[in-house]
Amino acid sequence: DVFREIWARHVEALERYITTRVGRAAAEDLISSTFLAGFRYRRTYKGAISGHSAGPWLLGIATNEISQHRRLEQRWLDQQAAGAQQLDVPTNESDAVLGALASHSRVARALRDLAPRYRDPFLLLVLADLDYAQIAVALSLRIGTVRSRIHRARTELGRQMKEDTNG
């Protein structure tokens with residue numbers, strides 16, 4: 001019963017985070033496997049004792065589940081990166097639509113090329129809206145490591161986007 005309440009409290013955040021990372025087709029299975037792993041390892045969760053939310057813990061499990069399915073995520077990012085070239089946009093569509101598609105493609109390529117150790121904390125920040133302390137809990141890292149990795153992710157993404165625009 002307690003775990004059912006945890007599920008109800010956190011399923012929407014997990015769904016948003018996982019769907020954004022791997023696409024809708026793979027998300028349902030990963031959401032299920034995240035909660036299954038959470039239930040299986042529920043005795044290792046120490047947040048209830050310290051008063052912390054189970055959200056970061058579950059997002060950490062989700063990140064591990066995603067890592068196990070990295071090839072699916074990589075394939076999805078490859079498809080997103082190639083998306084602008086594959087879409088036949090009618091010539092009467094606005095320049096804004098074409099610009100958005102090209103920008104989406106550049107961002108997907110930059111994320112695809114980012115090392116997972118930098119991509120995971122960055123995506124927990126921007127997609128799951130976790131703060132640095134929560135990301136540290138989710139990924140079992142020190143907060144300084146989280147700050148450093150997010151800084152490196154931002155720097156690398158900025159460099160890749162600038163290269164892509166100039167090159």
Side-chain angles (χ1 to χ4, degrees), residues 10-34 37 53 55-167:
H10 300 288
V11 69
E12 288 180 18
L14 280 168
E15 183 177 5
R16 275 192 312 274
Y17 175 68
I18 292 172
T19 301
T20 306
R21 291 285 309 264
V22 300
R24 190 162 304 284
E28 189 173 315
D29 289 339
L30 285 172
I31 292 165
S32 297
S33 66
T34 296
S53 167
W57 178 70
L58 287 169
L59 286 162
I61 292 171
T63 299
N64 290 335
E65 292 293 319
I66 289 169
S67 293
Q68 291 175 7
H69 292 89
R70 185 66 69 191
R71 286 181 289 168
L72 289 176
E73 181 185 33
Q74 195 66 41
R75 190 175 341 166
W76 185 78
L77 286 170
D78 288 343
Q79 290 169 349
Q80 295 300 307
Q85 291 85 16
Q86 293 175 357
L87 290 175
D88 275 337
V89 179
T91 55
N92 61 353
E93 291 291 335
S94 72
D95 288 341
V97 171
L98 294 173
L101 288 172
S103 176
H104 177 77
S105 178
R106 285 194 304 270
V107 170
R109 276 194 305 273
L111 284 170
R112 177 195 62 201
D113 295 340
L114 197 60
R117 71 180 194 203
Y118 302 126
R119 183 172 49 221
D120 290 340
F122 178 77
L123 291 178
L124 282 168
L125 177 74
V126 298
L127 299 180
D129 201 27
L130 295 185
D131 62 30
Y132 291 128
Q134 292 171 319
I135 294 167
V137 169
L139 299 178
S140 300
L141 297 170
R142 293 178 182 217
I143 196 165
T145 303
V146 169
R147 290 181 192 280
S148 171
R149 289 184 181 181
I150 289 173
H151 174 76
R152 288 181 183 171
R154 286 178 170 152
T155 301
E156 182 61 21
L157 288 170
R159 185 191 65 73
Q160 289 181 32
M161 296 298 291
K162 187 175 179 181
E163 268 182 24
D164 197 37
T165 303
N166 294 335

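We use all heavy atoms of the structure for the numbers below, so side chains are in, but hydrogens, waters and symmetry mates are not.
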Query raised in the report: Are the side chain of R119 and the backbone of R112 linked by a donor-acceptor contact shorter than 3.5 Å?
Result: yes
Report summary line: Shortest non-hydrogen pair, I61 vs T34, comes out as CG2-O, 3.6 Å
Query - Minimum-distance pair of heavy atoms, taken over all atoms of L114 and A153 - result: CD2-CB, 3.9 Å
Report task. Mark yes or no for whether S148, through its side chain, and G144, through its backbone, hold a donor-acceptor pair below 3.5 Å. Result -> no
Requested in this report: Verify side-chain contact (heavy atoms from CB on, under 4.5 Å) between T63 and L139, making sure each step is shown before the conclusion.
Outcome: CA-CA 8 Å; T63 299; L139 299 178; 3.5 Å; yes
Report task. Quick one: closest heavy-atom pair of L111 and L123, and the distance? Result -> CD2-CD2, 4.1 Å
Query raised in the report: R142 and A136: which non-hydrogen atoms are nearest, and at how many Å?
Result: C-CB, 4.2 Å
Query raised in the report: With a 4.5 Å limit on heavy-atom distance, are the side chains of L125 and I135 in contact?
Result: yes
Report summary line: On a heavy-atom basis, the closest approach of R117 and R149 is O-CD, 3.2 Å
Report task. Using a cut-off of 6.0 Å, state whether more than 12 heavy atoms not belonging to D129 lie near its atom CG. Result -> no
Query raised in the report: Closest approach of P116 and P121, non-hydrogen atoms and distance?
Result: O-CD, 4.2 Å
Query raised in the report: Hey, is the main chain of D131 close enough, under 3.5 Å, to the side chain of Q134 for a donor-acceptor pair?
Result: yes
Query raised in the report: E65 versus Q68: any side-chain heavy-atom pair under 4.5 Å?
Result: yes
